[in-house]
Amino acid sequence: MRRTAGRAGAGAGSIVDVPGTEPGAGMGAGAGMGAEAAPAASASAFAPVSASAPAPAPAPAPAVAPVAQRLRTEFPFELPRGYVDEAGNVHREGVMRLATARDELIPLRDVRVQENPAYLSVVLLGRVITRLGNLPMVHDGIVENMFASDLAFLQDFYRQVNAEGHTRAAVECPHCSEPFEVELGGSRLGES
């Protein structure tokens, strides 16, 4: 055993035996009052040690540390026809990110959506499409000028990326405070 200075509060100048530093070394009984008695008494404060049972071996370290998985938040796509800008350039390749609750709630305040609920998908897609071809920015004005086949493709793609099944949720009407349930995996984009 190796002898080290005792912990604070163990008594001034006390010495502590550290088990396991010398293989095969036994512990004294600590019956005497000499210098050997203090170490045995102090060592028993750390863990019960008997002559017949050695200290338990530390658990083996895992062979391979688990690798943290990253959540995929952006998904590339290619439009069936492509968006044609003012200069006549066709933009087909883009990236859509996962939608947040905010992405789905903010368009509900939009006057265009309140007047025409079908416009919700246009506003929502304008928020979650992060890149389309060489366009510097994608917004709902871009989405509303897409061909119908591209809009339908993006609506299906949105559902594929964001939906994990059908679940019901209890909500409260912001106008009348009446509670009701909605299907989170609605039949149309952004619809509950």
Side-chain angles (χ1 to χ4, degrees), residues 20 47 55-192:
V64 177
V67 177
Q69 293 182 353
R70 294 183 52 133
L71 176 65
R72 185 174 175 196
T73 59
E74 291 191 329
F75 301 86
F77 63 84
E78 186 173 337
L79 296 174
R81 296 193 188 273
Y83 169 73
V84 181
D85 64 16
E86 298 87 21
N89 299 319
V90 178
H91 305 274
R92 292 185 70 194
E93 294 180 358
V95 175
M96 182 183 293
R97 66 173 172 79
L98 285 176
T100 64
R102 184 178 186 91
D103 290 324
E104 293 197 352
L105 293 172
I106 287 184
L108 297 175
R109 293 189 231 153
D110 192 307
V111 175
R112 299 169 296 182
V113 172
Q114 291 173 354
E115 291 175 359
N116 181 4
Y119 203 76
L120 176 60
S121 64
V122 172
V123 177
L124 186 53
L125 288 170
R127 292 181 62 86
V128 297
I129 297 172
T130 58
R131 185 179 64 78
L132 183 59
N134 296 328
L135 296 174
M137 181 192 314
V138 181
H139 50 81
D140 52 18
I142 301 284
V143 176
E144 72 182 355
N145 288 313
M146 289 183 173
F147 295 114
S149 59
D150 289 336
L151 181 61
F153 168 82
L154 289 170
Q155 289 171 334
D156 288 340
F157 190 70
Y158 177 92
R159 266 189 231 89
Q160 180 184 352
V161 166
N162 289 286
E164 290 291 334
H166 299 282
T167 55
R168 297 192 67 77
V171 295
E172 184 176 287
C173 176
H175 300 292
C176 66
S177 299
E178 183 72 25
F180 62 97
E181 287 188 57
V182 295
E183 180 72 30
L184 296 179
S187 61
R188 289 192 323 194
L189 179 65
E191 185 179 78
S192 295

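Keep in mind that this is a model prediction, so the values were computed, not measured.
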With sequence neighbours excluded, what pairs up with Glu78 under the salt bridge (charged side-chain N to carboxylate O under 4.0 Å, His left out) test?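 Expected list: Arg92.
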Using salt bridge (charged side-chain N to carboxylate O under 4.0 Å, His left out) as the criterion, list what pairs up with Asp156, not counting sequence neighbours. Arg159
Taking [Y]'s backbone N and O only, do any of them form a donor-acceptor pair with [X]'s side chain (distance below 3.5 Å, no angle check)?
X: Asn145; Y: Gly141; answer: yes
X: Asp150; Y: Arg81; answer: yes
X: Asn89; Y: Asp85; answer: no
X: Glu93; Y: Leu132; answer: no

With a 4.5 Å cut-off on side-chain heavy atoms, are His91 and Ile142 touching?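 Side chain of Ile142 against side chain of His91, heavy atoms only: no contact under 4.5 Å found.
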Can you check whether Phe77 reaches Val161 side chain to side chain, under 4.5 Å on heavy atoms?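 Not in contact.
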In short, salt bridge (charged side-chain N to carboxylate O under 4.0 Å, His left out) pairs touching residues 123-132 with sequence neighbours left out are Asp103-Arg127
Sequence neighbours left out, what passes side chain to side chain donor-acceptor pair (under 3.5 Å) with Thr130? Give chain and number order.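 Thr130: no side chain to side chain donor-acceptor pair (under 3.5 Å) contacts found.
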Side chain to side chain donor-acceptor pair (under 3.5 Å) with Tyr119: which residues, sequence neighbours excluded?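 Expected list: Arg112, Glu144.
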Under the side chain to side chain contact (heavy atoms under 4.5 Å, CB included) rule, collect the residues that match up with Leu151, sequence neighbours excluded. Leu125, Val143, Gln155
Can you give me the closest heavy-atom contact between [X] and [Y], atom names plus distance?
X: Met146; Y: Tyr83; result: CG-CD1, 4.1 Å
X: Val123; Y: Pro107; result: CG1-CB, 3.6 Å
X: Leu108; Y: Val113; result: CA-CG1, 4.4 Å

May I ask you to check whether over 12 heavy atoms, not counting those of Asn134, lie within 6.0 Å of atom CG?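 Count not over threshold, so no.
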Parallel, tilted or perpendicular for Phe75 and Phe157, by the 30°/60° rule?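 Taking Phe157 first and then Phe75, their aromatic rings stand perpendicular (interplane angle over 60°).
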